[in-house]
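Working notes for the structure below.
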Amino acid sequence: MKASTRLFGDIDIEDDKILILENGIIGFPDMKKFTLIYDNESGNQQSIIWLQSMDEPHFAMPVLSPSLVKPDYNPMVNDDLLTPLGEFNNEDLVVLVTLKVPANAKDMTVNLKAPIIINYANKKGAQIIVENEDYPVRYPIYDILQSIKEEANK
Amino acid sequence: MLALSRKKGESLIINNNIEVMILETHGDQVKIGISAPKEVPIYRKEVYLQIQKENEEAGVTDRLAEINSLLSGRKKADDQKKN
């Protein structure tokens, strides 16, 4: 499937790399097809991933594994909300949190309240609002990332 | 917007498969029960709008290089060179 993306130019994605979010992402129900684009240059497994919309080429959301910035992340989810994933084994599920970087990078946050959950076995996914009341929509991570980098540079 | 008056214990049926029932009222607070097929997402509107806004702001960024460098350590190394 081809798309002319704003950030990555023309891309051609194999069908088995297309993710189907049948309800779209929250607020954008018409965006149903996505793919994950990895930043290969850094050579770092634990890096930013881009959730690129195949329906809206201008839309690409940076996402990352919550284990990086919130190691004890343990989202509580109403099982009914996982219906879009089809039948799944827990080990096939990938959880990603969305990253927002405002003009001042120090204000960057991840959304712990509404992670993207993907069933890698069938490539179906959904953005789910979790029940954890202490998980904010805007969780600041700048300081956390700085300390990760400082550790890495030691 | 369609406006209908309902009493406690009364319901509405939407689209043959969604039932909305008034369970309790306490002053200006109303407790609502919703029976809908599992695949129908239901959100508190203020939460929905907040997450919609986050998604929109996250998804239109053009700061590719800057964001890619966030975790790579390269930016930090550059900063140190300047010092």
Side-chain angles (χ1 to χ4, degrees), chain A residues 6-8 22-29 31 39 41-44 46-48 50-53 56 58-64 68-69 78-84 98-103 105 108-111 113-114 126-129 137-138 141-142 145-146 148-153, chain B residues 1 11-21 23-24 26 29-83:
Chain A
R6 184 171 55 85
L7 291 180
F8 307 103
E22 66 179 37
N23 293 328
I25 57 171
I26 292 168
F28 302 91
M31 282 194 249
D39 170 30
E41 282 181 23
S42 73
N44 186 343
Q46 296 184 324
S47 187
I48 305 286
W50 292 81
L51 186 68
Q52 169 69 52
S53 168
E56 293 286 346
H58 69 277
F59 190 95
M61 201 160 38
V63 297
L64 47 80
L68 267 182
V69 293
N78 181 332
D79 283 348
D80 285 350
L81 297 179
L82 297 176
T83 308
T98 65
L99 170 68
K100 188 178 78 174
V101 185
M108 71 172 76
T109 55
V110 292
N111 183 347
K113 188 72 180 173
Q127 186 174 31
I128 308 277
I129 296 179
V137 171
R138 294 182 188 147
I141 61 163
Y142 183 81
L145 292 184
Q146 288 306 107
I148 291 172
K149 280 192 199 174
E150 279 164 25
E151 280 297 311
N153 287 335
Chain B
M1 183 184 285
S11 295
L12 300 172
I13 302 289
I14 301 171
N15 198 38
N16 293 316
N17 58 2
I18 298 170
E19 179 174 10
V20 179
M21 181 182 278
L23 298 177
E24 282 176 30
H26 278 290
Q29 191 163 32
V30 179
K31 193 171 193 178
I32 295 170
I34 303 168
S35 302
K38 291 198 291 187
E39 65 272 16
V40 176
I42 298 167
Y43 306 110
R44 288 182 176 83
K45 184 173 178 181
E46 65 275 17
V47 176
Y48 178 93
L49 291 178
Q50 199 183 11
I51 293 169
Q52 178 181 44
K53 185 164 180 280
E54 290 303 298
N55 282 343
E56 181 169 23
E57 291 175 4
V60 297
T61 183
D62 53 7
R63 301 159 75 200
L64 181 60
E66 188 177 349
I67 292 176
N68 279 342
S69 74
L70 286 175
L71 291 176
S72 68
R74 282 177 300 190
K75 194 160 183 288
K76 179 74 180 175
D78 290 346
D79 289 348
Q80 283 171 342
K81 269 181 222 157
K82 277 178 210 155
N83 298 332

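Below, read A as the first sequence line, B as the second, and so on, with proteins coming before strands; counting in each chain starts at 1.
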query = Can you list the steps and then say if A/Q127 with B/N55 is a side-chain contact (heavy atoms from CB on, under 4.5 Å)?
reply = CA-CA 10 Å; A/Q127 186 174 31; B/N55 282 343; 2.7 Å; yes
inquiry  = As an exercise, state the distance from NZ of B/K53 to CZ of A/R138, rounded to the nearest 0.5 Å.
reply    = 4.5 Å
ask   = Considering all heavy atoms of both residues, which atom of A/G27 and which atom of B/Q52 are nearest to each other, and what is their separation?
value = O-NE2, 3.0 Å
key: Under 4.5 Å from a heavy atom of chain B, the part of A/I129 involved   = side chain
message = If you compare all heavy atoms of A/F28 against all heavy atoms of B/E56, which two are closest, and at what distance to 0.1 Å?
response = CZ-CB, 3.7 Å
ask   = With a 4.5 Å limit on heavy-atom distance, are the side chains of B/E54 and A/T109 in contact?
value = yes
inquiry  = Quick check on the interface: out of A/A60, A/A126, A/A114, who has the most heavy-atom pairs with chain B under 4.5 Å?
reply    = A/A60
request  = Quick one: closest heavy-atom pair of A/R6 and B/T61, and the distance?
outcome  = NH2-O, 3.0 Å
ask   = Looking only at atom types and distance, does a side-chain atom of A/N111 sit under 3.5 Å from a main-chain N or O of B/I51, one as donor and one as acceptor?
value = no
query = Which pair of heavy atoms, one from B/A58 and one from A/P62, lies closest together, and at what distance?
reply = O-CD, 3.2 Å
request  = Pick whichever of A/T83, A/L81, A/D80 has the most heavy-atom pairs under 4.5 Å with chain B.
outcome  = A/D80
key: NZ on B/K38 to CG on A/L82, rounded to 0.5 Å   = 10.0 Å
